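Only this structure's heavy atoms are used, side chains among them; waters, hydrogens and symmetry mates stay out. As the structure is a computational prediction, the values presented were derived from the model and not from experiment.
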Amino acid sequence: MRTEDVLAAIATGLWRWDNAAGYVTLDAEGARLLGLPAEPTVLSEAAMRARLHPVDWAETYGIVRLAVAEGTVAEAQVRVVGEDGQVLRTIRSRSKPLVTKHEYGDDYELIGTLQEIVAPHPGALTGQSPVAGDWRRSREAFLLDAGRALAEARSTAEVLRVAASLSMPGFSPDGLAVFGVEGDHLTVIGHHGHPDGAEGPFTDMSVNTDYPAAEVVRTGRAIYLPTPRDYHDRYPATWPLVQGFGRQSWAFVPLIVAGRTMGAWMAAFKHPVTFTPDERSVLTTVGRMLAQALVRADAAETERELSLGLQRSMMPTLGPDIPGMSVAARYVPTGGGLQVGGDWYDMIPLPGGGKVALVIGDVQGHDVRAAGLMGQLRIALRAYAAEGHRPDAVLARASRFLHGLYEFSVPHGLTDPHDDEDGEDPEYGLARFATCLYMEVDPDSGTLDIARAGHPDPVIRAADGTAVIRQTAGGLPLGIEADSNYPTTRVVLEPGDTMMLCTDGLIETGGHDMLSGWTRLRPVLENNTGVSLEKLADALVEAVHGPGSHYTTGPLADRREDDIALMLLARDTTPAAPARPHPRRAVLTISQAEPAQVAGARGHLKDLLHDWADEEQVDSAVLMLSEMATNVLVHTDGDAVLIAEAAGERGRRRLRVEVSDASDELPHKRRPGELASSGRGLVLLEMLADAWGVDPRGEGKSIWFEIYEDGDAG
């Protein structure tokens with residue numbers, strides 16, 4: 001007698017489901033059980049699905065997928081429905097999945113039996129039990145919460161805390177352990193519900209050990225041990241290691257990501273668990289989510305470690321103290337991506353002893369490439385400074401160095417232009433520029449020689465607390481041209497004065513421009529005159545990134561959209577040189593080739609007189625300065641040199657403004673007519689100034705005027 005005849009005699013049919021082809025083969029008894037004519041037949045997957053209750057089909061499909069993953073038998077109870085939708089009978093299916101390998105992935109075939117159930121027992125997986133329905137709803141809610149919590153975890157410790165806090169519907173493990181793999185040994189990534197040190201025997205265990213987690217790592221299949229007897233009989237060698245924990249059931253689930261088994265997850269229970277298909281399905285799903293969360297956390301931690309390492313290696317300490325001066329610095333990376341960027345600062349001892357150089361700069365961008373260029377440029381600046389070059393020569397050589405890096409670059413850099421990899425940044429090989437301020441410091445005299453390459457001007461806070469932008473001559477950003485000139489400006493830092501150097505991130509963060517950003521920072525500098533440089537640096541950063549920054553002018557943009565580098569330099573006071581109010585002074589050169597610098601001189605004079613008592617006097621001073629500087633540019637062939645000085649006690653100060661040129665032709669007063677376009681300069685001086693004059697100076701001359709804050713020329 002044939003096997004088919006024997007099975008038909010006991011109302012058992014055979015079926016075969018080819019998942020790759022998408023069809024189901026039934027023998028005669030199997031067709032009859034599904035409500036079809038009792039003859040061998042082949043159905044499409046859609047036709048097979050139409051013969052089964054939709055709720056049961058969804059449950060069956062999940063059980064099949066679980067069996068495929070675990071390599072176990074898939075057993076399910078389903079209802080067969082007729083063409084009118086009425087339930088004909090309930091059948092039990094038992095099948096064994098056979099996995100087949102293909103180039104595009106894994107497929108499977110199910111080969112098994114179908115048998116009618118006359119009276120389903122209570123709680124059977126038929127879709128009719130309210131208990132089963134409640135379980136499914138609870139399971140779905142649990143998996144949604146677990147997925148959200150694991151997705152939000154940003155570190156391995158957070159992932160383990162989330163896994164330990166998961167309360168599964170109907171059963172909750174009270175002992176958890178996550179195993180990883182290093183080479184051919186297991187490692188314990190973390191555990192919960194076990195005493196400290198309990199992981200000792202399981203650390204550095206060979207994957208060939210007779211232990212469930214090791215077998216899971218070797219095979220990629222889950223292992224369920226419902227009773228201590230099952231554990232003892234199957235793993236007698238390692239049973240003594242776990243016997244003392246007092247657990248009754250264990251589940252070891254593989255942690256699989258992208259087809260690779262990266263470890264195992266153990267869930268242990270103090271109460272017996274039978275591990276039904278639903279329970280195994282929940283454990284398997286949580287295992288997949290846990291594996292993905294661990295991979296994300298590991299990538300995030302690696303990224304953070306890389307960024308911190310780059311930051312530590314590229315952000316040097318300030319080095320030895322400068323005699324008679326104090327220095328403080330801060331670096332705040334952007335909040336997006338890696339915590340590194342193109343901003344940097346440095347302090348370089350110069351040859352000969354005594355003098356030092358302070359450098360601050362910003363390479364275009366705030367990514368890893370910007371950080372790499374910053375490191376190269378910083379090394380080049382140190383090398384040029386060590387050769388003893390002056391500030392202008394140091395920046396000129398650095399610009400030539402940065403320009404040479406990309407002189408022959410193409411959109412794909414120096415790689416093969418035909419090698420266009422997916423996801424490659426088309427601008428990766430394009431040239432980038434850098435702004436920089438290089439300052440040579442003489443601590444004995446307080447003299448600062450400053451060369452600037454497209455960088456924001458420094459700010460000087462005087463001993464009386466007044467903070468003013470100190471305009472300095474500058475050139476193009478580094479790397480724009482191979483040969484650029486960088487003029488040097490000399491500034492004297494008096495005892496009690498403080499200079500601030502910063503990148504544009506400190507000024508423009510939060511949607512501010514240079515003007516509104518300076519308006520935000522100026523009160524911070526002026527209101528923190530009695531604190532140390534370290535506290536002042538913290539206050540400046542707090543003004544940009546702290547809660548108070550959200551209440552200042554400017555759009556409320558991301559507070560960390562750009563890197564910040566900040567340096568503060570203060571000249572200390574001594575008994576021989578105490579802090580005392582000294583004249584505010586500005587020295588500017590207005591070039592013939594750049595008449596727009598007259599507007600900058602007007603703005604600088606306004607800053608110098610920002611607390612002057614009479615605003616009309618300030619307007620008069622600005623008007624006279626504009627006339628004097630413009631006359632030099634129009635009537636001579638040289639540049640105009642401006643010297644402005646405000647001296648004395650507040651309320652009784654004297655402003656003296658001089659504009660010098662190289663021409664020996666003295667101006668003379670004229671009486672212009674109503675339609676004349678010139679000739680009013682000296683008339684304005686006579687009307688608005690408290691005192692004025694013209695002094696010959698060697699081959700040139702100096703035109704000056706004075707204004708007294710209290711109006712008393714005496």
Side-chain angles (χ1 to χ4, degrees), residues 1-102 105-129 132 219 221-222 224 274-278 280-281 284:
M1 181 178 291
R2 297 183 307 164
T3 303
E4 292 82 352
D5 296 334
V6 174
L7 293 175
I10 58 175
T12 301
L14 296 176
W15 71 308
R16 178 174 174 270
W17 178 6
D18 189 334
N19 179 62
Y23 62 83
V24 179
T25 303
L26 300 166
D27 67 354
E29 185 61 21
R32 184 192 69 80
L33 291 174
L34 291 179
L36 299 172
E39 59 185 22
T41 185
V42 177
L43 299 177
S44 65
E45 187 174 312
M48 179 70 176
R49 182 184 303 179
R51 309 302 301 177
L52 305 178
H53 195 284
V55 174
D56 298 345
W57 169 263
E59 292 289 339
T60 303
Y61 191 77
I63 293 172
V64 169
R65 295 298 302 173
L66 180 63
V68 171
E70 297 180 351
T72 57
V73 174
E75 182 174 356
Q77 298 177 20
V78 296
R79 288 166 291 179
V80 179
V81 298
E83 295 180 357
D84 57 358
Q86 297 297 319
V87 176
L88 300 179
R89 62 180 58 87
T90 301
I91 61 175
R92 176 187 291 112
S93 167
R94 287 177 55 86
S95 56
K96 175 69 175 180
L98 302 177
V99 179
T100 57
K101 301 288 184 179
H102 295 281
D106 294 345
D107 287 314
Y108 57 87
E109 294 182 359
L110 288 178
I111 301 176
T113 61
L114 300 174
Q115 189 174 28
E116 183 174 0
I117 300 176
V118 178
H121 59 80
L125 187 60
T126 63
Q128 297 174 332
S129 169
T219 64
R221 304 287 188 185
Y224 299 100
T274 58
F275 297 117
T276 64
D278 277 320
R280 298 202 310 271
S281 177
T284 301

**Prompt:** So L26 and L14, side-chain contact (heavy atoms from CB on, under 4.5 Å) or not? Walk me through it.
**Reply:** CA-CA 6 Å; L26 300 166; L14 296 176; over 6 Å; no
**Test side-chain contact (heavy atoms from CB on, under 4.5 Å) applied to T90 and V78, step by step** = CA-CA 6 Å; T90 301; V78 296; over 6 Å; no
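Once rounded to the nearest 0.5 Å, the distance linking CZ of R89 with CD of Q115 reads 13.0 Å.
With sequence neighbours excluded, the residues satisfying side chain to side chain donor-acceptor pair (under 3.5 Å) with R94 are E75. Taking the side chain to side chain contact (heavy atoms under 4.5 Å, CB included) definition, one finds that A21 meets it with D18, Y23, sequence neighbours left out. Residues satisfying the ring-ring contact (aromatic ring centres under 6.0 Å, His included) criterion with W15, sequence neighbours excluded, are absent altogether. Partners of R16 according to the side chain to side chain donor-acceptor pair (under 3.5 Å) rule, which considers only residues two or more places apart in sequence or in another chain, are E109.
Pairing each heavy atom of A50 with each of V81, the nearest pair is O-CG2, 3.7 Å. In terms of heavy-atom proximity, S93 sits nearest to L114 at CB-CD2, 3.7 Å.
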Tabulate below the donor-acceptor pairs under 3.5 Å that side-chain atoms of residues 30-47 make, not counting sequence neighbours, or state none.
from, atom 1, to, atom 2, distance (Å)
R32, NE, E29, OE1, 3.4
R32, NE, E29, OE2, 3.1
R32, NH2, E29, OE2, 2.6
S44, OG, A47, N, 3.2

